[in-house]
Every structure is written in C-alpha cells, then in structure tokens.
Amino acid sequence: MTRKTRPVSWIRAALREFETFPEGARSICLTALTIAAEGGKSDIAKPMHGLGPGIFEIALPFRGDAFRVVYALQIAEEIWVVDAFQKKSTQGIKTPKREIDVIKDRLKRLKEMLR
C-alpha cells in the first residue's frame, strides 16, 4: 500500500513571511511539512487548541529565536499553510493573540474560497 503524499499549498502572505526565515529554520520547517504531507506528524508539530480540529503549529526554537508555521490538515485535499511568523516574545510559549486573529481570519477566508 502506498501512501499518497498530499500537496502543500500556501496562503501567499504566509509564504512571504516564511521566506524571511533563516535558511536552516526554513529547511527544518519544510521537513516537518513534508512529514505532514505524507500523513505523519513531526516531533516539532503540535495541535493548536481553540482553532478547530486539524490545525497544527510547527514550533521551532532556532539560534535563540522562535519560529512558527501554522498549517491546516482538513481543508480540501491539500495541506494549507496559513501563517508563518517569528515569535518575538521569549517569555511564555503562548501564540500571540494578534497571530491567533490572523490565523482565524485566514482559515475563514480559505474555507470560503474553497467552497
């Protein structure tokens, strides 16, 4: 039985943000997304609570900075990357409210667009 790798699609703004990450951080995050596309879950990916099922966050500490990539598994056939950001606050692991609002808004628009 061969597992079908799902395509990974990006919301344009998330891709632009992701492209500002350092090369090494991008590489690690892309590996985690590839694992997700193949039906697995990377060690650095965890479910994001409060945003509905199938929303995951890749949380990467990298050279003293914190990078996040948020993706949705249950929208259409693809895996959708809805947000990518560098977390500025070093205290606490909570995702900043502003980013949560961005993610909610992008998920809502994405679902409407793909209907």
Side-chain angles (χ1 to χ4, degrees):
M1 182 185 125
T2 56
R3 283 219 310 247
K4 188 169 154 286
T5 301
R6 295 164 66 188
V8 176
S9 299
W10 294 74
I11 287 183
R12 203 172 295 128
L15 183 58
R16 272 198 307 271
E17 292 155 14
F18 182 71
E19 286 170 345
T20 68
F21 285 17
E23 181 62 45
R26 285 203 312 260
S27 171
I28 295 166
C29 290
L30 287 172
T31 299
L33 285 170
T34 301
I35 292 168
E38 291 170 351
K41 186 179 89 53
S42 163
D43 293 345
I44 58 171
K46 60 186 194 309
M48 276 196 92
H49 301 291
L51 293 174
I55 310 298
F56 286 83
E57 178 178 52
I58 295 167
L60 176 67
F62 186 81
R63 294 194 187 143
D65 289 315
F67 295 92
R68 301 287 186 265
V69 175
V70 178
Y71 63 93
L73 290 178
Q74 296 178 334
I75 302 175
E77 295 301 306
E78 304 101 312
I79 287 174
W80 277 92
V81 178
V82 293
D83 196 15
F85 59 97
Q86 181 176 349
K87 202 161 147 287
K88 300 292 188 226
S89 155
T90 48
Q91 75 261 6
I93 55 169
K94 264 173 73 77
T95 303
K97 183 182 182 322
R98 189 186 41 124
E99 291 298 339
I100 296 281
D101 292 341
V102 165
I103 294 162
K104 283 181 177 167
D105 182 55
R106 288 179 181 170
L107 285 169
K108 187 169 148 275
R109 288 195 312 219
L110 187 59
K111 286 174 182 162
E112 287 164 2
M113 183 186 88
L114 295 170
R115 239 185 237 141

*Do side-chain atoms of Arg6 reach the backbone of Leu73 as a donor and acceptor pair under 3.5 angstrom?*
yes

_Cluster link Ile44 to Tyr71, ILVMFWY, side chain under 4.5 Å_ = yes

*Mind checking whether Phe67 and Phe62 have parallel, tilted or perpendicular rings, split at 30° and 60°?*
perpendicular

*Looking only at heavy atoms, what is the nearest atom pair of Ile58 and Ala32, with distance?*
CD1-CB, 3.7 Å

*Is there a donor-acceptor pair under 3.5 Å between the side chain of Thr20 and the backbone N or O of Arg16?*
no

*Spacing of CD1 belonging to Ile55 relative to CD1 belonging to Ile103, to within rounding of 0.5 Å*: 8.5 Å

*How far apart are the closest heavy atoms of Ala37 and Val8, and which atoms are they?*
CB-CG2, 3.9 Å

*asked:* More than 12 heavy atoms of other residues, nucleotides or ligands under 6.0 Å from CG of Asp43: yes or no?
replied: no

*asked:* Starting from Trp10, can I reach Ile75 by hopping between I/L/V/M/F/W/Y residues whose side chains sit under 4.5 Å apart?
replied: no

*Ile79 side, atom CD1; Glu38 side, atom CD - distance, nearest 0.5 Å*: 9.5 Å

*Could you tell me whether the side chain of Cys29 reaches within less than 4.5 Å of the side chain of Leu60, counting heavy atoms only?*
yes

_Ignoring hydrogens, what is the shortest heavy-atom contact between Arg106 and Ala13? Give both atom names and the distance._
NH2-CB, 3.3 Å

*Co-membership, hydrophobic cluster, residues Phe21 and Leu15, 4.5 Å side-chain*: yes

*So, for Ser9 and Glu78, which heavy atoms are closest and what is the spacing to 0.1 Å?*
OG-CG, 3.3 Å

*Indicate if Val69 and Leu30 have the same hydrophobic cluster label, given that clusters are the connected sets of ILVMFWY residues with side-chain heavy-atom separations under 4.5 angstrom.*
yes

_With heavy-atom distances below 4.5 Å as the criterion, would you say the side chains of Trp80 and Leu114 are in contact?_
yes

*Under 4.5 Å between side-chain heavy atoms, hopping through other hydrophobics if needed: is there a path connecting Leu33 to Met48?*
no

*Is any side-chain heavy atom of Arg68 closer than 4.5 Å to a side-chain heavy atom of Asp83?*
no

_Distance (rounded to the nearest 0.5 Å) between Glu99 CD and Glu17 CD_ = 7.0 Å

*For Glu112, does the CD atom sit with more than 12 other heavy atoms under 6.0 Å from it, leaving out its own atoms?*
yes

*Is there a side-chain contact (heavy atoms from CB on, under 4.5 Å) between Leu110 and Met113 once you walk through the steps?*
CA-CA 5 Å; Leu110 187 59; Met113 183 186 88; 3.7 Å; yes

_Whether the side chain of Arg26 engages the backbone of Glu19 through a donor-acceptor N/O pair (distance < 3.5 Å, no angle test) should be reported._
yes

